[in-house]
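Here the structure is laid out as C-alpha cells; the discussion comes afterwards.
This is a predicted model, so every value here is computed, not measured. Computed from heavy atoms alone, side chains included, the values below leave out hydrogens, waters and symmetry copies.
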Amino acid sequence: MLNMRIGIGFDVHKFSEGRKLFLGGVEIPSDKGLEGHSDADVLLHAICDAMLGAAALGDIGKHFPNTDERFKNISSLVLLEKSNDLINQKNFVVGNIDATVIAERPKLLPFIDEMRKKISETLKISIEQISIKATTNEKLGFIGREEGIAAIAIALLYSKNSN
C-alpha cells in the first residue's frame, strides 16, 4: 500500500531596509530584504511548513522558534535541511514540491532555475521534483503596494517503504 501525505505551507514577510533578499536559497539583487529572525526566505519557509505539515509535525515555528538565538540570521537552507531530516525520521521522503512566490518586485524568472537547483540539492531529490512559479498581486494589497512578499507551497511526501 502506497502511503502518501500532502501538506500546504504559507509564509509572508514585510520588506526591511538594510537586509539582503533571499528566496529559494538564492540571494536576489534588491534594494530591500525581508524582515525576520532568520534570513526571512518566505519561499523556503512555506516549503518547510508544507513538508512538516504533511508529516503531521507542526510548523517551522515549533521546530525553529524565532525566540531561539541559534536561528538568528540562519540560512533557511539549513532549516529546509533540518525539516527534511525530521520528515525522514518519520519514514517519509519528498515526492515533489509545487510553490508560488507572490511579489510585485523584483522579477524572479531569471532566478527560478537556481532556486530549484538549491532546493533539490538540499532535499537530495531531482530538480524535476521541484516546481517554482512567481506571480504578482496585480498591485492589490500589501504585496501590490510593494510592502512585502508571500509564498505558498504544497509538498507531497511518500513513505520510504512505498514502491
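When side chains are defined from C-beta on, S76 counts as touching H45, because their heavy atoms get closer than 4.5 Å. Considering only heavy atoms from C-beta on, N88 comes within 4.5 Å of V93 through its side chain. Within the 4.5 Å cutoff, the side chain of K139 has no heavy atoms near those of the R145 side chain. Side-chain contact between I97 and I154 is absent, with no heavy atoms from C-beta onward closer than 4.5 Å. Residues F142 and K14 are not in side-chain contact: their nearest non-hydrogen atoms beyond the backbone lie 4.5 Å or more apart. The side-chain heavy atoms of D98 and K133, taken from C-beta on, include a pair separated by under 4.5 Å. At least one side-chain heavy atom of E81 sits less than 4.5 Å from a side-chain heavy atom of K124. At a threshold of 4.5 Å between non-hydrogen side-chain atoms, the residues L109 and K107 do not count as touching.
Checking T122, D39, D41 one by one against S75, the side chain to side chain contact (heavy atoms under 4.5 Å, CB included) holds for a single residue, D39.
Here the closest non-hydrogen pair linking G148 and F15 is N-CD1, 3.4 Å. When all heavy atoms of A54 and A155 are compared, the closest pair comes out as CB-O, 4.2 Å. Shown here for A151 and A46, the closest heavy-atom pair between the two residues is O-CB, 3.6 Å. Between G144 and N137, the shortest heavy-atom distance links the atoms N-CB, 4.1 Å. What you find for G58 and K62 is that their closest heavy atoms are CA-CD, 4.3 Å.
Here CG of N96 is found 11.5 Å from CG of L123. Values are rounded to the nearest 0.5 Å. To the nearest 0.5 Å, atom CG of residue L44 and atom CG of residue L79 are 8.5 Å apart. Here CE of M51 is found 8.5 Å from CG of L86. Values are rounded to the nearest 0.5 Å. Between the CG atom of N84 and the CD atom of Q89 there is a distance of 10.5 Å, given to the nearest 0.5 Å. Atom-to-atom distance recorded for D59:CG and S83:OG is 10.0 Å, nearest 0.5 angstrom. If you take NE2 on H13 and CG on L43, they are separated by 11.0 Å, rounding to the nearest 0.5 Å.
Here the side chain of E104 pairs a donor or acceptor atom with the backbone of E138 at under 3.5 angstrom. Using modelled atom types, one side-chain atom of Q129 and one backbone atom of S126 make a donor-acceptor pair closer than 3.5 Å.
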Using side chain to side chain contact (heavy atoms under 4.5 Å, CB included), reason through L156 and V94 one step at a time and then give a plain yes or no.
CA-CA 6 Å; L156 171 68; V94 173; over 6 Å; no

With salt bridge (Lys or Arg N to Asp or Glu O under 4.0 Å) as the test, would you mind laying out the steps for R116 and D113 before giving the verdict?
CA-CA 5 Å; R116 290 175 64 221; D113 285 341; 3.5 Å; yes

For a side chain to side chain contact (heavy atoms under 4.5 Å, CB included) check, start with the C-alpha distance between R105 and S30, then their side-chain angles and the critical distance, and finish with the verdict.
CA-CA 9 Å; R105 66 170 181 87; S30 178; 4.0 Å; yes

Check the pair D11 / D49 against side chain to side chain contact (heavy atoms under 4.5 Å, CB included), numbers first and verdict last.
CA-CA 9 Å; D11 196 34; D49 272 352; 5.6 Å; no

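Under the 4.5 Å side-chain contact rule for hydrophobic residues, I102 and I119 do not share a cluster. Side-chain heavy atoms closer than 4.5 Å link hydrophobic residues (I, L, V, M, F, W, Y) into clusters, and following such links, possibly through other members, connects F71 to V42. F10 and F64 end up in different hydrophobic clusters when Ile, Leu, Val, Met, Phe, Trp and Tyr side chains are linked at under 4.5 Å. The hydrophobic cluster containing I6 also contains M4, counting ILVMFWY residues as joined when their side-chain heavy atoms lie under 4.5 angstrom apart, directly or transitively. Side-chain heavy atoms closer than 4.5 Å link hydrophobic residues (I, L, V, M, F, W, Y) into clusters, and following such links, possibly through other members, connects I47 to V78.
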Return a table of donor-acceptor pairs under 3.5 angstrom between the side chains of residues 19-29 and protein atoms on other chains or two or more places apart.
{"from": "R19", "atom 1": "NE", "to": "L34", "atom 2": "O", "distance (Å)": "2.7"}
{"from": "R19", "atom 1": "NH1", "to": "G36", "atom 2": "O", "distance (Å)": "3.3"}
{"from": "R19", "atom 1": "NH2", "to": "S38", "atom 2": "O", "distance (Å)": "2.7"}

